[in-house]
Peer 1: 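One structure follows; several queries about it will come next.
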Amino acid sequence: MAKWLVKSEPAECGIEDFAKAPDGVIPWDGVRNYQARNFLAQMAEGDEVFLYHSSCKHIGIAGIVTVIRSAYPDPTQFDPESPYYDGKSTREKPRWQAVDMKYVRTLPGLIPLEELKSMAGLEDLPLVRKGNRLSVMPVGEEEWQIILNQAG
DNA sequence: GCCAACGTTGGC
DNA sequence: GCCAACGTTGGC
C-alpha cells in the first residue's frame, strides 16, 4: 500500500471534520493542480494518507485518513455553482479527479512543520521544501515510519 | 497583512 | 515555444 500526504485548511476540511463526518468519509475533491491530480489518480483503495493542516495557526500533520474509493471524475468540475467549476472540462473528457477518504485517527499531538523540517530523513519530502505548493504528494515507506514514530 | 515562490495564461 | 503578467498558495 502506498502512502501519501495531503494538505488542507482545517477551516475547510481538517481532521476534526473527518472525525465528525458520517462514517468518517469525505470526498477529496476540488484539486485543481495537474501534478497533484496525477498523484490523486495513483491512489488505491487502502492507501494511508497523512492529513496536513495548512494556512492556520498550528500548521503540521494532524491525523491519518485512508483511501476508500480510488479516483473518479470530480463532480465539482461540472457544477457551475461550485467554486471548483471548470468550463473547459467535459463529462466525456473530465480534467479533474477526486477520491473518497475515510477517517482513521487523530494524532495524539500535532507534528508541527518546524519539527518535520528538523527531522532526519525527511529532506526529500516536498512538504518541507521552501516554496513548495504541491497539495498531494507521495510519502516513502521510510518517511512514513519516521513520521509515525514521532507521532507516537 | 505581507510577500516569496510557484503554476497558469495568453500575446507574440 | 518563449516569457511577462497575473493569480494563488501558504509560511511568517
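Here is the naming used below: chain letters follow the sequence lines, and residue numbers restart at 1 for every chain.
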Peer 1: Any side-chain donor paired with an acceptor under 3.5 Å for Asp100(A) and Tyr72(A)?
Peer 2: yes
Peer 1: With a 4.0 Å cut-off on N to O distance, would you call Glu141(A) and Lys3(A) a salt bridge?
Peer 2: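 A salt bridge links Glu141(A) with Lys3(A).
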Peer 1: In whole angstrom, what separates Leu127(A)'s CG from dA5(B)'s P?
Peer 2: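 Roughly 17 Å, once rounded to whole Å.
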Peer 1: Does dG11(C) have OP1 or OP2 under 4.0 Å away from a side-chain N or O of Tyr52(A)?
Peer 2: yes
Peer 1: Please tell me which of the listed nucleotides, dC12(C), dG10(C), dG10(B), lies nearest to the side chain of Lys7(A)?
Peer 2: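 So the side chain of Lys7(A) is nearest to dG10(C).
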Peer 1: Without decimals, in angstroms, what is the distance between Glu12(A) CD and dT8(C) C1'?
Peer 2: 14 Å
Peer 1: Let me spell it out: for each of Gly131(A) and Lys88(A), pick the nucleotide of DNA chain B with the closest heavy atom. Which residue's pick is nearer the 5' end?
Peer 2: Gly131(A)
Peer 1: Report yes or no: does Gln77(A) contribute a side-chain atom to a donor-acceptor pair with the main-chain N or O of Arg95(A) at less than 3.5 Å?
Peer 2: yes
Peer 1: Counting only side-chain N and O atoms of Lys130(A), is one of them less than 4.0 Å from OP1 or OP2 of dA4(B)?
Peer 2: no
Peer 1: Just wondering, more than 12 heavy atoms not from Glu123(A) lying within 6.0 Å of its CD?
Peer 2: yes
Peer 1: Please give, in whole Å, the distance from dG10(C) P to Leu134(A) CG?
Peer 2: 9 Å
Peer 1: Restricting to side chain to side chain contact (heavy atoms under 4.5 Å, CB included), what partner residues turn up for Asn33(A), sequence neighbours left out?
Peer 2: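 Result, side chain to side chain contact (heavy atoms under 4.5 Å, CB included) vs Asn33(A): Gln35(A), Ala36(A), Leu134(A).
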Peer 1: Distance check needed: dT8(C) P versus Asp86(A) CG, whole Å only.
Peer 2: 14 Å
Peer 1: Mind listing the residues from residues 28-40 of chain A sitting with a heavy atom below 4.0 Å of DNA chain B? Number order is fine.
Peer 2: Asn33(A), Tyr34(A)
Peer 1: Roughly how many Å is it from CG in Leu113(A) to P in dG10(C), rounded to a whole number?
Peer 2: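 Interatomic distance, CG of Leu113(A) to P of dG10(C): 11 Å.
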Peer 1: What about Trp96(A) and Tyr85(A), are their ring centers closer than 6.0 Å?
Peer 2: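 When the ring centroids of Trp96(A) and Tyr85(A) are compared, they turn out to be at least 6.0 Å apart.
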Peer 1: Below the 4.0 Å mark, does dG10(C) have OP1 or OP2 next to a side-chain nitrogen or oxygen of Lys57(A)?
Peer 2: no
